[in-house]
Structure formats: C-alpha cells, structure tokens
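Have a look at the structure below before the remarks.
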Amino acid sequence: MRKGIHPQYGPVVFRDRAANYAFLTRSIMTSEKTIEWEDGNTYPVVDVEISDVSHPFYTGTARVLDTAGRVERFERRYGKKG
C-alpha cells in the first residue's frame with residue numbers, strides 16, 4: 001500500500017449520551033474532545049445519538065406495525081384496484 005494516503009487508524013471512545021454508555025474501539029474518526037478512559041490513558045471521544053444499548057431493536061422495545069391492517073384499511077377507504 002502507498003504511504004501517506006490513508007487516514008490514521010487508532011483508539012477512539014464512542015459515547016452514547018442517551019444511555020450513559022461508552023466503549024473503546026479503533027476507528028479513523030477523530031474528535032477535538034477527549035476523555036480519560038479506565039486504563040488511565042486519554043482518548044478522543046465521539047458522541048453518538050444511539051448505540052446497541054439504547055436502540056429499540058436491541059433492547060426489545062421495538063414496536064411491530066400491523067402492515068396488513070393498514071393495507072386493508074387503505075383498500076376499504078379508497079377501493080381495491082384491479
């Protein structure tokens with residue numbers, strides 16, 4: 001691979017503010033903000049709106065929509081074509 005054309009790949013902390021949860025991983029993302037991690041080192045921190053801890057699909061609070069009922073209601077309201 002050519003040198004100098006790829007972004008820096010290093011440790012970054014991703015923090016889910018909604019769930020008060022953070023995890024350390026490696027990424028090319030950077031940030032001006034930093035945080036001191038459990039190991040005593042300081043890493044850049046990226047705030048995210050949602051993660052696996054707060055996402056409804058992973059937490060089991062996802063709502064299942066009744067699409068069949070909606071289709072039937074639409075056909076009743078506007079008539080079935082064909």
Side-chain angles (χ1 to χ4, degrees):
M1 293 194 327
R2 292 189 345 201
K3 302 229 184 280
I5 63 168
H6 300 285
Q8 292 287 29
Y9 183 69
V12 177
V13 174
F14 286 93
R15 179 172 53 188
D16 182 357
R17 304 285 267 175
N20 196 21
Y21 174 73
F23 58 94
L24 177 65
T25 187
R26 295 176 52 91
S27 176
I28 61 170
M29 292 188 72
T30 60
S31 175
E32 297 293 323
K33 296 186 280 184
T34 60
I35 189 172
E36 186 172 334
W37 193 244
E38 300 159 353
D39 61 2
N41 294 329
T42 302
Y43 299 108
V45 62
V46 176
D47 291 326
V48 294
E49 294 181 19
I50 198 160
S51 69
D52 62 329
V53 175
S54 62
H55 194 280
F57 178 78
Y58 295 108
T59 59
T61 59
R63 294 184 348 200
V64 177
L65 297 176
D66 180 23
T67 56
R70 289 183 179 198
V71 170
E72 291 167 359
R73 186 174 23 184
F74 178 84
E75 289 175 350
R76 272 196 321 263
R77 188 177 291 168
Y78 299 106
K80 195 172 183 178
K81 300 272 182 180

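- Residue pairs meeting the salt bridge (Lys or Arg N to Asp or Glu O under 4.0 Å) criterion with at least one member in residues 20-32: none, sequence neighbours excluded.
- Chaining together hydrophobic side chains whose heavy atoms lie under 4.5 Å apart places Val13 alongside Leu24, Ile35, Trp37, Tyr43, Val45.
- For Thr30, there are no side chain to side chain contact (heavy atoms under 4.5 Å, CB included) partners at least two apart in sequence or on another chain.
- Annotation: side chain to side chain contact (heavy atoms under 4.5 Å, CB included) contacts of Ile5 (sequence neighbours excluded): Arg2.
- Partners of Ala18 according to the side chain to side chain contact (heavy atoms under 4.5 Å, CB included) rule, which considers only residues two or more places apart in sequence or in another chain, are Asp16.
- Note on residues 37-49: pairs passing salt bridge (Lys or Arg N to Asp or Glu O under 4.0 Å), not counting sequence neighbours, are Arg15-Asp47, Lys33-Asp47.
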